[in-house]
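Have a look at the structure below, then the notes.
Computation of the quantities below employed the complete heavy-atom set of this structure, encompassing side-chain atoms and omitting hydrogens, waters and symmetry-equivalent molecules.
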Amino acid sequence: MTRRRPPFVLAFLACVGAAFFVAPLLGLVARTPWSDLGEVLGREVVGDALRLSLVTSLGATIVALFLGLPLAWVLARFEFRGRALLRGLVLLPLVLPPVVGGAALLFTFGRRGALGGPLEDLTGLVLPFSIWGAILAASFVAMPFLVITVEGALRNLDQRYEGAAASLGASRWTVLRRVTLPMIGPSLVSGLLLTWARALGEFGATITFAGNLPGRTQTLPLAVFVAMEGDRDAAVAMSLLLVLVSLAVLVTLRNRWWGAR
Amino acid sequence: MRPILLLLMAALVAGGCGGDARREVRVSAAASLSDAFLALETQYEAERPEVDIVLNLGGSSALREQILSGAPVGVFASANQANLEQLVTAGLVDGPVVDFATNRLTIAVPAGNPADVRDLADLARDNLLIGLCSPAVPCGDYAATALAIAGVVAAPDTLEPDVRALLTKIRAGELDAGVVYETDIAAAGDDVESVAIPAEINVPVVYSIAAIAEDHRSDAENFIDFVVAGRGRQILRDQGFFLP
């Protein structure tokens, strides 16, 4: 990184590009009801939505850790037929409209779905319109962020470190715990944070699969959507909350985990 | 790199300019009017090939908010009178507001009525999956009124953003029952059945329409004439709406 001025044209286009992202945020800030902010954020519907958002996004992050990490491992370390296809399928939710994901979940895990029907018969658990459905929807949309981040880290990891540890008599568990995980640690943490932030912002799959009920499945993005039609002050206040939390996550990531100066 | 760039530019040109010389009239219409207005669009464009009706279908309240935020809309057809009254108050409507159709509420259940829903009181059953429209949109507002008249405290499991989103989940069999408009039942075909709400606790649903923007005002007014007084009336009647 050098400390010289960028050429004029480059600087100009970069400024326009930056304004493209910054202007809508300023628009949001300009519309914020600062004097009533405390009162608006203190409302029950906002508190419920915040609590549900935290529970579902943390739930999705835990799902991603227990299912996404092994998936990333297999994709990075094992050769098998159809690996490229599997990777594509796993990453599909990154580009798929979330509402399509929600519809697919509904047709699969709904009461009339191929998996949802047997699940209800066996356990009595009905996923749509429940908080479990909201967690499932958020996991579907957010987990690819963990898989893509960790898989990249595992691929870039020099496997000779693990080989050396194993040759010195370390068990597979010890190698994992003492060598591999510490080396991919920063990527794992950034993957988890990205997953969490994406799950926090999840809207389309949630409203399609889990529905929208205050106190049960209405997370912050859904509450913003509903409030836009009536109580715009509340919508703006909750939007601001989401922006600040997401920004905090991304700035933290940048400084600590992406090796920036 | 170059082929990708060319492809992108081609897509922009094709999508952006389309080469359509027709005059555009943007019509925002309530979700429950979807099928009726699609039929109205087809018929009107057949009669006046120089005009292109562009439909924007959604929950009436969301459409109202779009207009309040300055969306360039020529005509607004709402599933209640209140939304247009709000726009009149905001000074965004200066022509007449016309009540052009009415509708009634009904209970929609999946084909075969698996949960054996018989009247509004069943919407209070905790063990059923019940859907209503969000109270912010007309169908939710009307349903709340009907439930209040019937003295039923419903136990909804979801509050959907518009009536068609609700209908979709009933069609899929994921909800056991929900309150929709009578005209929605026909639109859903064989997937749903209707459980009637008796007239004494039903709520009159009134659709209002008005011209909004100044651009192409005569085209907008002409389309409204077609809907409220012209051949559009038969189309609305065919779709199950009642006419004033």
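The greatest number of non-hydrogen atom pairs below 4.5 Å with chain A, out of B:A136, B:G131, B:P161, is found for B:P161. Comparing B:A165, B:S134, B:P156, B:G59 by how many heavy-atom pairs each has under 4.5 Å with chain A, the most go to B:P156.
Within 6.0 Å of the CG atom in B:N127, the count of heavy atoms belonging to other residues, nucleotides or ligands exceeds 12. Crowding of A:L75 atom CG: a count of heavy atoms from other residues, nucleotides or ligands under 6.0 Å exceeding 12. Environment of CZ in B:R118: sparse, with no more than 12 heavy atoms of neighbouring residues, nucleotides or ligands closer than 6.0 Å.
Residues A:F129 and B:L129 share a closest heavy-atom pair of CD1-CD1, 4.0 Å. Closest heavy-atom contact between A:E229 and B:R64: O-NH2, 2.6 Å.
Residue contact with chain A, scored on non-hydrogen atoms closer than 4.5 Å, involves the backbone and the side chain of B:L175 alike.
To the nearest 0.5 Å, atom CD of residue B:E65 and atom CZ of residue A:R232 are 4.5 Å apart.
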Acceptor/donor pairs from residues 105-121 of chain A side chains to any protein atom, 3.5 angstrom cut, sequence neighbours excluded:
from	atom 1	to	atom 2	distance (Å)
A:T108	OG1	A:A104	O	2.7
A:R111	NH1	B:D176	OD1	3.3
A:R111	NH1	B:D176	OD2	3.4
A:R111	NH2	B:G173	O	3.3
A:R111	NH2	B:E174	O	3.1
A:R111	NH2	B:D176	OD1	2.9

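Residues from residues 203-226 of chain A that place a non-hydrogen atom less than 4.5 Å from a non-hydrogen atom of chain B comprise A:I207, A:T208, A:G211, A:N212, A:L213, A:P214, A:R216, A:F225, A:V226, given in numerical order.
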